[in-house]
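Heads up: the structure comes next, in structure tokens.
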Number of protein chains: 2
Amino acid sequence: MELNPKKTAVIFKAFCDESRIIILQILKDGEKCACRLLEALNITQPTLSHHMKTLLDSGIVNGRKEGKWMYYSISEEGLKKAQEYLDYLKGEV
Amino acid sequence: MELNPKKTAVIFKAFCDESRIIILQILKDGEKCACRLLEALNITQPTLSHHMKTLLDSGIVNGRKEGKWMYYSISEEGLKKAQEYLDYLKGEV
DNA sequence: ACCACATATAGAGATTTGTCAATATGTTTT
DNA sequence: AAAACATATTGACAAATCTCTATATGTGGT
């Protein structure tokens with residue numbers, strides 16, 4: 001656990017907004033195109049793009065470009081990092 | 001996993017601010033009085049109070065009043081809830 | 001009852017964040 | 001090359017958040 005406070009906060013920003021939780025809920029079913037996410041949420045396309053940037057920055061979501069489409073999925077590695085931090089707080093280090 | 005998006009976001013607000021991460025870092029060592037936390041942080045007493053309220057609301061921290069002192073500690077139960085959510089996203093449900 | 005101390009609340013200012021409309025970039029098809 | 005489409009970026013505004021000073025509340029000791 002060498003994470004500094006600022007970096008740790010960035011990771012968990014993924015989970016502290018309602019819209020992003022809904023996005024993660026959808027991605028839980030598997031990789032989705034941005035357009036599919038947009039259909040499911042009551043936000044505009046630029047707002048979705050903004051949230052996806054936050055999620056990518058957090059490391060909790062992976063992005064993959066295929067042609068004109070952008071595919072997003074949950075990053076097992078990112079989730080693991082978040083879990084490791086919670087374990088660390090539990091004193092299970 | 002019956003958590004609604006708003007409630008989930010509230011839980012994780014505990015981890016998405018730099019000052020709160022530092023507070024959790026200190027509480028990892030065990031229960032601490034508010035005055036001890038205040039010494040360790042470069043913030044005013046009302047600001048600390050505000051962050052402690054956020055942490056209590058998230059369920060990640062427990063509070064206990066003893067005389068004029070307020071003691072805070074990490075809530076194993078709260079942490080467990082956060083971890084369960086991350087597990088859920090991993091598809092390990 | 002009063003004073004000293006620890007913490008909480010109220011209110012205000014500054015910063016950050018979420019949101020949108022408008023526009024730019026990049027890709028595919030015709 | 002142009003048109004159509006998917007996504008990203010810009011710039012502006014509103015809402016939420018962080019921070020402070022000032023003040024209130026509550027507790028223990030004198």
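Within every chain, numbering begins at 1; the chains are lettered A, B, ... in the order of the sequence lines, protein sequences first and strands thereafter.
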What's the [atom1]-[atom2] distance between [X] and [N], to the nearest Å?
X: B:L56; N: C:dT9; atom1: CG; atom2: P; value: 11 Å
X: A:M52; N: C:dG18; atom1: CE; atom2: C1'; value: 15 Å
X: B:F15; N: D:dT17; atom1: CZ; atom2: P; value: 17 Å
X: A:E66; N: C:dG26; atom1: CD; atom2: C1'; value: 15 Å
X: B:K68; N: D:dG26; atom1: NZ; atom2: P; value: 16 Å
X: B:D57; N: D:dA16; atom1: CG; atom2: P; value: 16 Å
X: B:I43; N: C:dA14; atom1: CD1; atom2: P; value: 20 Å
X: A:L38; N: C:dC20; atom1: CG; atom2: P; value: 10 Å

Could you check whether [X] gets within reach of a base, just the sugar-phosphate, or nothing at all, counting any heavy atom under 4.0 Å?
X: A:Y72; value: sugar-phosphate
X: A:L48; value: nothing
X: A:R20; value: sugar-phosphate
X: A:T54; value: nothing

Does B:Q45 make a side-chain donor-acceptor contact with the base of C:dA6, cut-off 3.5 Å? no

Salt bridge B:E39-B:R36, side-chain N to carboxylate O under 4.0 Å: yes

Measure from the side-chain heavy atoms of [X] and tell me the nearest of [options].
X: B:T47; options: D:dC20, D:dT9, C:dT19; answer: D:dC20
X: A:H50; options: D:dT10, C:dA6, C:dG18; answer: C:dG18
X: B:D17; options: D:dC18, C:dA10, C:dT7; answer: D:dC18
X: A:T44; options: C:dC20, C:dT17, C:dA8; answer: C:dC20
X: A:S49; options: D:dT9, C:dT7, D:dC18; answer: D:dT9
X: B:A34; options: C:dT7, C:dA22, C:dA10; answer: C:dT7
X: B:C33; options: D:dT9, C:dT7, C:dA8; answer: C:dT7
X: B:W69; options: C:dT7, C:dA22, D:dT7; answer: C:dT7
X: B:P46; options: D:dT9, C:dA10, C:dC20; answer: C:dA10

side-chain N/O A:H51 vs C:dT19 OP1/OP2, d < 4.0 Å: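 The answer is yes; a side-chain N or O of A:H51 sits under 4.0 Å from OP1 or OP2.
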
Short side-chain N/O contact to D:dA6 OP1/OP2 from A:K65, under 4.0 Å: no

Using the ring of each side chain (for Trp, its six-membered ring), is B:F12 parallel, tilted or perpendicular to A:F15, with breaks at 30° and 60°?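 Tilted, since the angle between the ring planes falls between 30° and 60°.
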
Is it the case that the side chain of B:R20 and the backbone of A:A9 share a donor-acceptor pair, with hydrogens and angles ignored and the cut-off at 3.5 Å?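 Judged by distance alone, no pair lies under 3.5 Å.
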
Donor-acceptor pair, B:T8 side chain versus B:N4 backbone, under 3.5 Å? yes

Decide whether a cation-pi geometry holds between A:K28 and B:Y88; the criteria are a distance under 6.0 Å from NZ or CZ to the six-membered ring centre and an angle within 45° of the ring axis. yes

Between A:K32, A:K65, A:E66, which is the residue that forms a side-chain contact (heavy atoms from CB on, under 4.5 Å) with A:Y71?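 Exactly one pass, corresponding to A:E66.
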
